[in-house]
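Notes for the one structure printed next.
All heavy atoms count here, side chains included; hydrogens, waters and symmetry mates do not. Just so you know, residue 1 is the first one in the sequence shown, and it goes up from there. Since the structure is predicted, the reported quantities are computational estimates derived from the model, not experimental observations.
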Amino acid sequence: MKVLICDDEALARERLARFLKDMDGYEIVGEAENGRDALTQAEATAPDIVLLDLRMPVMDGMACAERLAQLPEPPAVIFCTAYDEHALAAFQVQAVGYLLKPVRREQLTEALARATRVNRAQLEAVRQGGEHNHGGRSHITAKTHRGIELIPIGDVRYFLADQ
């Protein structure tokens with residue numbers, strides 16, 4: 001999973017980065033000091049998850065999360081903040097987590113797990129899309145040890161992302 005860290009405090013970014021480097025399956029694709037920088041980096045790197053502070057100069061985390069939610073493929077947002085009074089607003093912009101500083105490794109691990117878990121509504125949307133999408137793709141391409149192969153959609157049982 002690609003992760004973007006956004007916090008105006010360098011020590012907070014370093015702490016989160018240190019935790020992520022110790023976890024398997026997460027790649028830090030960038031760090032930002034404010035919401036505007038985070039948006040620019042998100043558009044360039046397409047992160048799966050954004051760890052986002054609330055109070056920052058230039059653009060705060062709430063405004064950034066609102067803009068991230070409008071992207072065609074928005075990342076999951078986990079707020080990491082010292083302020084507990086914004087939790088309700090955070091979930092209104094579709095945040096999947098709200099961690100209070102100082103963030104502990106166990107809390108971060110749990111929030112990341114929630115961010116990557118697929119829910120029942122998402123699975124149903126995929127199922128219905130597959131049943132009603134008669135004019136869509138019939139094959140996907142896959143890079144295997146034999147090269148690039150065309151795989152019929154009907155033969156796909158699951159997808160596994162690797163890096």
Sequence neighbours left out, cut at 3.5 Å: what donor-acceptor pairs do the side chains of residues 37-44 make with other protein atoms?
| residue | atom | partner | partner atom | Å |
| --- | --- | --- | --- | --- |
| Asp37 | OD2 | Asn34 | ND2 | 3.3 |
| Thr40 | OG1 | Arg36 | O | 3.2 |
| Gln41 | OE1 | Glu31 | N | 3.3 |
| Gln41 | NE2 | Glu31 | O | 2.6 |

Please report the shortest heavy-atom distance between Tyr98 and Leu54, naming the atom on each side.
OH-CD1, 3.4 Å

In chain order, what residues pass the side chain to side chain contact (heavy atoms under 4.5 Å, CB included) check against Ala10, with sequence neighbours excluded?
Arg13, Glu14

Please set out all donor-acceptor pairs under 3.5 angstrom arising from side-chain atoms of residues 56-77, sequence neighbours excluded.
| residue | atom | partner | partner atom | Å |
| --- | --- | --- | --- | --- |
| Asp60 | OD1 | Met62 | N | 3.3 |
| Asp60 | OD1 | Ala63 | N | 2.8 |

Determine whether Leu112 and Thr116 make a side-chain contact, defined as any pair of heavy atoms from C-beta on separated by less than 4.5 Å.
no

Residues 45-54 vs salt bridge (Lys or Arg N to Asp or Glu O under 4.0 Å), sequence neighbours excluded, gives Asp53-Lys101

Test side chain to side chain contact (heavy atoms under 4.5 Å, CB included) applied to Ala111 - qualifying residues, sequence neighbours left out
Ile78, Leu99, Arg114

Cluster link Leu51 to Val103, ILVMFWY, side chain under 4.5 Å:
yes

Say whether Phe19 and Val3 are linked into one hydrophobic cluster, either directly or through other cluster members, by side-chain heavy-atom distances under 4.5 angstrom.
yes

Same cluster for Leu100 and Leu52 if Ile/Leu/Val/Met/Phe/Trp/Tyr side chains link at under 4.5 Å?
yes

Are Met23 and Leu4 in one and the same hydrophobic cluster, where Ile, Leu, Val, Met, Phe, Trp and Tyr link if side-chain heavy atoms are under 4.5 Å apart?
no

With a 4.5 Å cut-off on side-chain heavy-atom distances among I, L, V, M, F, W and Y, is there a chain of contacts connecting Phe79 to Ile49?
no

Quick check: closest heavy atoms across Cys80 and Asp7, and the distance to 0.1 Å?
O-OD2, 4.3 Å

Listed once per pair and sorted, the side-chain hydrogen bond (donor to acceptor under 3.5 Å, both in side chains) pairs that draw on residues 104-113, sequence neighbours left out
Asp22-Arg105

Tyr26 and Ala113: which non-hydrogen atoms are nearest, and at how many Å?
OH-N, 4.4 Å

Determine whether a donor-acceptor pair (N or O, by modelled atom type, separation under 3.5 Å) exists between the side chain of Lys2 and the backbone of Thr45.
yes

At what distance, to the nearest 0.5 angstrom, does CD1 of Ile28 lie from CG of Leu20?
5.0 Å

